[in-house]
Structures are given as C-alpha cells and as structure tokens.
Amino acid sequence: TVLNRLALERLIKPIYCNRTTSATDAHTKLVCFRLEENLVGERMAFREGISISDLMDRHASMLPYRKYRRWKNDPGYCMLGDWILGYYINYYELGSRFDPALDYIHMDNSLGYDYS
C-alpha cells in the first residue's frame with residue numbers, strides 16, 4: 001500500500017470532535033461522523049486531540065485478541081493488520097481520490113505498489 005502525502009498528513013493530524021472545539025474542515029467532520037458510527041468499536045479508544053494513528057494504536061491495544069474473555073459486550077479486536085489498515089484508510093478517507101470526477105463514489109483510497 002502506498003500512502004501519499006495527504007494520507008500521511010491526515011494520519012498524524014490531531015482530531016477534535018467535541019462541541020467547544022467543533023470540527024472546522026471537511027475531513028475532520030467526516031472523522032467525527034465516522035467515530036459516531038463506531039463500526040468496529042474504535043470510538044472507545046478516541047480521546048480529544050489524538051491523531052488517527054494514535055487512535056489505531058489505542059484501539060488495537062484496548063481489547064487484544066489474547067484477552068478475548070474480557071470482551072463481554074465490547075466487540076473485541078481480532079483483525080489482521082492489513083484489514084484494519086485498509087479499514088482506516090478507506091473508512092476514514094485518509095488518501096485522496098485518484099480521479100476527482102468519481103468523488104461521488106465511495107471507493108478504495110489505497111493503491112498497491114505498481115497497481116498490484
């Protein structure tokens with residue numbers, strides 16, 4: 001997977017979602033919206049001011065697979081590294097579109113090396 005400059009900037013940018021420091025740019029608003037959707041239980045790892053990179057680390061560390069007995073009502077964390085990386089790249093739209101004419105389509109924002 002190749003991450004362009006925009007993806008790297010978005011990966012390390014601090015995210016603020018609370019009402020007093022409301023999101024100002026479109027991408028931050030999208031990230032806050034995605035956190036509310038909470039598809040894989042990542043919201044519990046979020047704290048104001050952390051980056052998506054920090055979120056990924058916290059999320060993976062909170063309920064690791066080896067502690068599956070503690071999952072109870074939580075979704076747990078059992079994903080291959082490339083799956084979760086793909087989830088964050090695509091669902092949090094870290095990369096940019098390769099063809100702006102297709103912006104209306106939710107598409108894969110990652111690109112394999114040499115299109116593989």
Side-chain angles (χ1 to χ4, degrees):
T1 300
V2 176
L3 298 177
N4 63 18
R5 182 179 178 164
L6 176 63
L8 294 175
E9 288 173 359
R10 287 178 172 176
L11 191 62
I12 62 172
K13 177 184 174 187
I15 301 296
Y16 296 94
C17 293
N18 72 27
R19 303 225 188 279
T20 59
T21 58
S22 61
T24 55
D25 65 272
H27 183 256
T28 301
K29 288 179 183 178
L30 172 80
V31 169
C32 296
F33 176 74
R34 296 297 194 208
L35 282 166
E36 286 301 312
E37 289 184 318
N38 196 36
L39 286 188
V40 295
E42 67 270 34
R43 183 176 47 205
M44 67 183 170
F46 180 73
R47 298 292 176 265
E48 291 293 316
I50 69 171
S51 65
I52 293 176
S53 174
D54 294 333
L55 176 66
M56 292 167 66
D57 178 55
R58 289 175 54 89
H59 184 209
S61 301
M62 291 184 94
L63 294 169
Y65 179 72
R66 69 185 179 280
K67 295 182 181 179
Y68 66 92
R69 289 189 174 108
R70 293 176 52 201
W71 289 358
K72 306 259 188 233
N73 297 326
D74 295 313
Y77 190 91
C78 183
M79 289 193 194
L80 295 174
D82 59 335
W83 292 359
I84 197 66
L85 182 60
Y87 169 77
Y88 278 101
I89 287 171
N90 290 307
Y91 196 67
Y92 285 85
E93 295 188 15
L94 293 180
S96 59
R97 303 278 195 255
F98 301 113
D99 183 352
L102 301 175
D103 273 351
Y104 67 95
I105 300 173
H106 180 74
M107 55 194 282
D108 190 351
N109 292 324
S110 59
L111 176 64
Y113 175 72
D114 200 22
Y115 296 97
S116 62

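Everything numeric in this text was worked out from a predicted model, so none of it was measured.
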If you take all heavy atoms of Ile15 and Cys17, which pair is closest and at what distance?
CG2-SG, 3.7 Å

Using 0.5 Å steps for rounding, measure from the CD1 atom of Ile12 to the CD1 atom of Ile50.
14.0 Å

Are Ile52 and Phe33 connected into the same hydrophobic cluster when the rule is that any two of I, L, V, M, F, W, Y join if their side-chain heavy atoms are below 4.5 Å apart?
no

Can you tell me how far apart CZ (Arg58) and OG (Ser51) are? Round to the nearest 0.5 Å.
11.0 Å

Backbone of Asn18 reached by a side-chain donor or acceptor of Glu48 within 3.5 Å:
yes

Contacts of Ser53 that satisfy side chain to side chain donor-acceptor pair (under 3.5 Å) - sequence neighbours left out:
none

Determine the minimum heavy-atom distance between Arg34 and Glu93, stating which atoms define it.
NH2-OE2, 4.2 Å

For residues Pro14 and Gly49, report the shortest heavy-atom separation together with the two atoms involved.
CB-O, 3.4 Å

State, with a plain yes or no, whether a side-chain heavy atom of Met56 is found less than 4.5 Å away from one of Leu11.
yes

Which residues satisfy the salt bridge (charged side-chain N to carboxylate O under 4.0 Å, His left out) test with Arg47, sequence neighbours excluded?
none

Evaluate the side-chain proximity of Leu55 to Val31: yes if any heavy-atom separation is below 4.5 Å, no if none is.
no

When rounded to the nearest 0.5 angstrom, what distance separates CG in Leu94 from NZ in Lys13?
11.5 Å

Residues in side-chain contact (heavy atoms from CB on, under 4.5 Å) with Tyr87, at least two apart?
Leu39, Val40, Glu42, Ile84, Tyr91, Tyr92

For Arg43, run the side chain to side chain contact (heavy atoms under 4.5 Å, CB included) check against His59, Glu37, Glu36 and tell me which one passes.
Glu36

